[in-house]
Amino acid sequence: MRTIRAAAVGAVTLSLVLTAAACGGGSPADGSGSGGGKTLTYWASNQGASLEVDKKVLRAELDRFEKETGIKVELEVIPWSDLLNRILTAATSGQGPDVLNIGNTWSASLQSTGALLPWDAKNFEAIGGKDRFVASALGSTGAPGQDPAAVPLYSMAYALYYNKKMFRDAGIAKPPTTWDELIADGKRLSKDGKYALGVEGGNLAENIHQVFVLGKQHGADFFTPDGKADFTSDGAVAAVKQYVDLMADHKIVAPGNAEYAQNQSLADFAKNRTAMVLWQTPGTTFQAQGMNPDEWGVAPAPVASGTPGQGTGTNSMVAGINLAVFKNTKNREGALKFVKFMTGDTEQKTLNHAYGSIPPVKSAQQDPVFDTPTVTVLKQTLATSAAALPQVPEESQFETVVGTAVKELFADAAAGRPVTTESVRAELDKAQQQMPKK
């Protein structure tokens with residue numbers, strides 16, 4: 001999912017939602033009510049450079065849907081910093097939108113509330129079939145063995161974005177492929193008030209995405225196969241320390257990045273203050289900041305061996321946005337029509353191209369517009385070296401408590417306090433104690 005969001009603190013109250021999710025609402029229990037048949041409410045996530053950009057992009061497409069179907073869509077674009085709490089509140093009260101975007105990492109957590117429409121065979125048939133979607137995208141739509149809680153809308157992956165001019169000025173001919181190379185290059189790039197790598201140390205979700213990937217590289221998953229929190233394994237501790245050490249030990253991340261949480265690292269990159277970022281589809285933000293596309297390059301994110309793949313070669317989480325329907329919508333038929341429209345080839349090409357993401361619909365993904373060098377790197381990553389975050393009900397709590405632990409460790413690094421294996425393990429143990437007991 002997009003990393004401009006911070007995981008909502010309210011996620012730790014998710015267990016309180018479980019018994020309340022079915023309450024409220026104004027439709028029959030079977031969802032077959034016809035009230036409000038000419039109107040849908042849609043909560044969209046912030047995908048572009050600003051909320052206003054998203055409104056402009058989406059409004060034209062929603063107007064086209066209204067022209068085709070007679071159904072008016074009332075749009076609200078919600079910042080990532082607010083979206084999860086808004087959804088949890090809606091799930092608790094039963095007063096939610098008809099259709100909404102969710103970060104794909106939330107799928108199993110929100111599925112466990114019972115508030116979202118399950119995508120069984122009948123519902124998939126209504127939108128053209130399940131087999132239209134890429135398998136990796138479907139892998140982040142809910143808990144294994146259950147009907148998905150959402151369908152894929154936008155697919156993304158992490159890559160290394162590098163500032164070509166800063167690389168040339170430092171005499172570096174190509175982007176790093178290993179962490180050792182990144183650190184060595186980083187020491188050459190970090191000078192005169194500029195730094196090699198930008199991070200968002202105050203963004204809980206971004207912290208989780210990065211340490212999850214590094215965890216895979218160290219053979220750790222943060223959860224046991226039966227879904228229990230496992231935050232203090234040697235691999236998990238090594239992953240978190242490796243990430244924070246980019247600031248604490250190697251000094252290739254500016255101390256001020258410990259407080260970044262709202263895309264400040266992308267602004268630094270675009271203004272030639274930072275030479276590299278690990279990010280998902282930041283191109284529209286770079287351009288909004290005045291950077292031309294030929295000024296940056298894209299390469300696969302580093303791995304220890306230099307060759308991305310599965311297991312310890314994992315270099316991205318399976319990122320993306322899913323589209324969900326509230327189970328108690330008064331207009332299920334209209335909601336399904338809207339989902340079919342948004343996941344149709346035309347809209348998939350239009351919207352994913354506008355946002356620099358990848359269509360999770362197979363046929364749309366084959367369009368030549370997605371054959372650019374940047375998108376090719378992302379498609380290759382999703383196909384060969386990305387892994388889905390754990391699809392467990394506690395995933396959103398994981399983002400909150402471990403993301404906060406990483407944030408605290410970055411704060412220590414920025415203040416010059418030592419970040420040791422022992423201090424990392426202590427923070428992760430504290431995080432694990434906050435998780436629900438199984």
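For the numbers below, each heavy atom of this structure counts, side chains included, while hydrogens, waters and symmetry mates do not. Just so it is clear, the structure is predicted and the values come from calculations on it, not from any experiment.
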Enquirer: Check the pair W80, W106 against ring pair (Phe, Tyr, Trp, His ring centres under 6.0 Å), reporting the backbone distance first and the verdict last.
Expert: CA-CA 12 Å; W80 281 107; W106 301 340; 5.6 Å; yes
Enquirer: Could you check if a side-chain atom of T314 sits within less than 4.5 angstrom of a side-chain atom of P308, using non-hydrogen atoms only?
Expert: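 Result no, sub-4.5 Å side-chain heavy-atom pair not found.
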Enquirer: Do I78 and N46 have side chains that get closer than 4.5 Å, going by heavy atoms?
Expert: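 They are not in side-chain contact.
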Enquirer: Is there a side-chain contact (heavy atoms from CB on, under 4.5 Å) between W179 and Q242? Walk through the geometry before answering.
Expert: CA-CA 10 Å; W179 288 107; Q242 179 180 347; 3.4 Å; yes
Enquirer: Ignoring hydrogens and angles, tell me if any N or O in the side chain of T384 forms a donor-acceptor pair with the backbone of Q380 under 3.5 Å.
Expert: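 Yes: the side chain of T384 pairs with the backbone of Q380.
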Enquirer: Can you name the closest pair of heavy atoms from P175 and L160 and give their distance?
Expert: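 Distance-wise, the nearest heavy atoms are CB-CD2, 4.3 Å.
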Enquirer: Before giving the answer on side-chain contact (heavy atoms from CB on, under 4.5 Å), spell out for T281 and L378 the whole-Å C-alpha distance, their side-chain angles and the decisive distance to 0.1 Å.
Expert: CA-CA 9 Å; T281 60; L378 302 181; 3.6 Å; yes
Enquirer: As a quick check of understanding, evaluate side-chain contact (heavy atoms from CB on, under 4.5 Å) for T177 and T307, giving each step before the final call.
Expert: CA-CA 8 Å; T177 61; T307 304; over 6 Å; no
Enquirer: Checking S316 now: which residues fulfil side chain to side chain contact (heavy atoms under 4.5 Å, CB included) with it, not counting sequence neighbours?
Expert: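 In terms of side chain to side chain contact (heavy atoms under 4.5 Å, CB included), with neighbours along the sequence ignored, S316 is linked to A157, Y158, T381, A386.
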Enquirer: Checking side-chain polar atoms at under 3.5 Å, does E206 have a donor or acceptor matched by the opposite partner on W279?
Expert: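 Side chains of E206 and W279: no pair found under 3.5 Å.
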Enquirer: side-chain contact (heavy atoms from CB on, under 4.5 Å), that's the test. Do L266 and F286 meet it? Break it down for me.
Expert: CA-CA 7 Å; L266 301 189; F286 291 158; 3.9 Å; yes
Enquirer: Does the Q391 side chain pair with the main chain of P144, one donor and one acceptor, at a distance under 3.5 Å?
Expert: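 Side chain of Q391 to backbone of P144: no pair is present.
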Enquirer: Taking Q111 for the side chain and A143 for the main chain, is one N or O donor matched with an acceptor at less than 3.5 Å?
Expert: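 Such a contact is found between Q111 side chain and A143 backbone.
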Enquirer: Under the 3.5 angstrom rule, does the side chain of Q280 hit a backbone N or O of M156 as a donor-acceptor pair?
Expert: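 Not at all, since once roles are kept as given, no pair shorter than 3.5 Å links the two residues.
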Enquirer: In Å, rounded to the nearest 0.5 Å, how long is the span from CG of L100 to CD1 of I321?
Expert: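 Atom-to-atom, L100:CG and I321:CD1 are 11.0 Å apart.
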Enquirer: Hydrogens and angles aside, do T105 and E399 bring a side-chain donor and acceptor to less than 3.5 Å of each other?
Expert: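 Yes, side-chain donor-acceptor contact under 3.5 Å.
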Enquirer: Identify, with sequence neighbours excluded, every residue that meets ring-ring contact (aromatic ring centres under 6.0 Å, His included) alongside F398.
Expert: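 Residues passing ring-ring contact (aromatic ring centres under 6.0 Å, His included) with F398: F222, F223, F231.
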Enquirer: Who are the side chain to side chain donor-acceptor pair (under 3.5 Å) partners of D230, not counting sequence neighbours?
Expert: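 Not a single residue meets the side chain to side chain donor-acceptor pair (under 3.5 Å) criterion with D230.
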Enquirer: Could you go step by step and tell me if T141 and N322 meet the side chain to side chain donor-acceptor pair (under 3.5 Å) rule?
Expert: CA-CA 7 Å; T141 54; N322 292 342; 5.6 Å; no
Enquirer: Which residues pass the side chain to side chain contact (heavy atoms under 4.5 Å, CB included) test with D147, not counting sequence neighbours?
Expert: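 D147: side chain to side chain contact (heavy atoms under 4.5 Å, CB included) contacts with P118, D120.
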Enquirer: Could you give me the CA-CA distance, side-chain angles and deciding distance for E200 and S265, then say whether side chain to side chain donor-acceptor pair (under 3.5 Å) is met?
Expert: CA-CA 7 Å; E200 301 266 328; S265 62; 2.7 Å; yes
Enquirer: So, K55 and E52, do they make that salt bridge, N to O below 4.0 Å?
Expert: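 Salt bridge flag = yes for E52 with K55.
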Enquirer: Go through the structure and list residues passing side chain to side chain contact (heavy atoms under 4.5 Å, CB included) with D429, not counting sequence neighbours.
Expert: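 For D429 the side chain to side chain contact (heavy atoms under 4.5 Å, CB included) partners, ignoring immediate neighbours, are T232, Q433.
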Enquirer: I need the minimum non-hydrogen distance between A150 and W119, along with the two atoms involved.
Expert: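 Taking every non-hydrogen atom into account, N-CD1, 3.5 Å.
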Enquirer: Which pairs pass ring pair (Phe, Tyr, Trp, His ring centres under 6.0 Å) with one or both residues in residues 241-261, sequence neighbours excluded?
Expert: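 Listed once each, the pairs are Y243-F410.
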Enquirer: Check whether Q264 reaches the backbone of Q262 with its side chain - one donor and one acceptor, N or O, closer than 3.5 Å.
Expert: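 Yes; at least one donor-acceptor contact below 3.5 Å.
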Enquirer: Between A324 and A149, what is the shortest heavy-atom contact and its length?
Expert: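 Heavy atoms only, the tightest pair is CB-O, 3.8 Å.
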Enquirer: Is a donor from one side chain sitting under 3.5 angstrom from an acceptor on the other, for D54 and Y355?
Expert: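 Indeed, the side chains of D54 and Y355 share at least one donor-acceptor pair under 3.5 Å.
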Enquirer: Are more than 12 heavy atoms from other residues, nucleotides or ligands located less than 6.0 Å from atom NZ of K379?
Expert: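 Yes, NZ of K379 has more than 12 neighbouring heavy atoms, counting only those of other groups under 6.0 Å.
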Enquirer: What's the spacing between L75 CG and T41 OG1 if we round to 0.5 Å?
Expert: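 Output value for this atom pair is 10.5 Å.
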Enquirer: Is L197 close to V199 at the side-chain level, that is, under 4.5 Å between some pair of heavy atoms?
Expert: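 Yes - at least one pair of side-chain heavy atoms lies under 4.5 Å apart.
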Enquirer: Do F338 and L62 come within less than 4.5 Å of each other through their side chains, counting heavy atoms only?
Expert: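 With C-beta onward as the side chain, the pair touches.
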Enquirer: Keeping to residues at least two apart or across chains, list the side-chain hydrogen bond (donor to acceptor under 3.5 Å, both in side chains) pairs with something in residues 287-301.
Expert: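 Listed once each, the pairs would be none.
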Enquirer: Can you find a pair of side-chain heavy atoms, one from N104 and one from V318, that are under 4.5 Å apart?
Expert: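 The answer is yes, as the side chains (C-beta and beyond) meet within the 4.5 Å cut-off.
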Enquirer: Can you name the residues that form a side chain to side chain donor-acceptor pair (under 3.5 Å) with K251, not counting sequence neighbours?
Expert: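 For K251 there are no side chain to side chain donor-acceptor pair (under 3.5 Å) partners, ignoring immediate neighbours.
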Enquirer: How would you list, by chain and number, every residue that makes a side chain to side chain donor-acceptor pair (under 3.5 Å) with N101, sequence neighbours excluded?
Expert: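 With neighbours one apart ignored, the set is Y42, S45.
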Enquirer: Can you name the side chain to side chain donor-acceptor pair (under 3.5 Å) partners of T178, sequence neighbours left out?
Expert: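 Applying side chain to side chain donor-acceptor pair (under 3.5 Å) to T178 gives none.
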Enquirer: Is a salt bridge present between D245 and K241, judged by a nitrogen-to-oxygen distance below 4.0 Å?
Expert: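 Yes, D245 and K241 are salt-bridged.
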Enquirer: Between I358 and F370, is there a side-chain heavy-atom distance shorter than 4.5 Å?
Expert: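 The answer is no, as the side chains (C-beta and beyond) never meet within the 4.5 Å cut-off.
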Enquirer: What's the shortest heavy-atom distance between L278 and Q210, and which atoms?
Expert: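 Looking at all heavy atoms of both residues, the closest pair is O-NE2, 3.5 Å.
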Enquirer: Has T274 got a side-chain atom pairing as donor or acceptor with D268's backbone, closer than 3.5 angstrom?
Expert: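 Not at all, since once roles are kept as given, no pair shorter than 3.5 Å links the two residues.
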Enquirer: Can you confirm whether Q47 sits close enough to V53 that some side-chain heavy atom of one is under 4.5 Å from a side-chain heavy atom of the other?
Expert: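 With C-beta onward as the side chain, the pair stays apart.
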Enquirer: Does the N207 side chain pair with the main chain of G403, one donor and one acceptor, at a distance under 3.5 Å?
Expert: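 Checked: pair present.
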Enquirer: Just grab all the salt bridge (Lys or Arg N to Asp or Glu O under 4.0 Å) pairs involving residues 170-192, residues at least two apart or on different chains.
Expert: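 Residue pairs passing salt bridge (Lys or Arg N to Asp or Glu O under 4.0 Å), neighbours aside: none found.
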Enquirer: NZ of K165: more than 12 outside heavy atoms within 6.0 angstrom?
Expert: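 Atom NZ in K165 is not packed in, count stays at 12 or less.
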Enquirer: Going by distance alone, is a donor N or O of one side chain under 3.5 Å from an acceptor N or O of the other, for S109 and E395?
Expert: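 The criterion, which ignores hydrogens and geometry beyond distance, is not satisfied for E395 and S109.
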Enquirer: As an exercise, state the distance from CD of E76 to CG of L83, rounded to the nearest 0.5 Å.
Expert: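 One finds 9.5 Å between CD of E76 and CG of L83.
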Enquirer: Do any N or O atoms from the side chain of K407 and from the backbone of L204 form a donor-acceptor pair under 3.5 angstrom?
Expert: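 No, because the side chain of K407 does not come within donor-acceptor range (under 3.5 Å) of the backbone of L204.
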Enquirer: Just by modelled atom types, is the V419 backbone N or O under 3.5 Å from a matching donor or acceptor in the S423 side chain?
Expert: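 Not confirmed, S423 side chain does not pair with V419 backbone.
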Enquirer: Taking atom CH2 of W43 and atom CG of L323, what is their separation to the nearest 0.5 Å?
Expert: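 These two atoms lie 14.0 Å from each other.
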Enquirer: State, yes or no, whether a side-chain contact exists between V424 and V244 at a heavy-atom distance under 4.5 Å.
Expert: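 Not touching, per the 4.5 Å side-chain cut-off.
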Enquirer: Quick one: which residue pairs count as a salt bridge (Lys or Arg N to Asp or Glu O under 4.0 Å) with a foot in residues 340-366, not counting sequence neighbours?
Expert: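 Every salt bridge (Lys or Arg N to Asp or Glu O under 4.0 Å) pair that includes a residue of residues 340-366, provided the two are not neighbours, is R64-E347, R132-D345, K349-D367.
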Enquirer: Could you tell me the separation between the CG atom of L189 and the CE atom of M276, rounded to the nearest 0.5 Å?
Expert: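 One gets 5.5 Å once the value is rounded to the nearest 0.5 Å.
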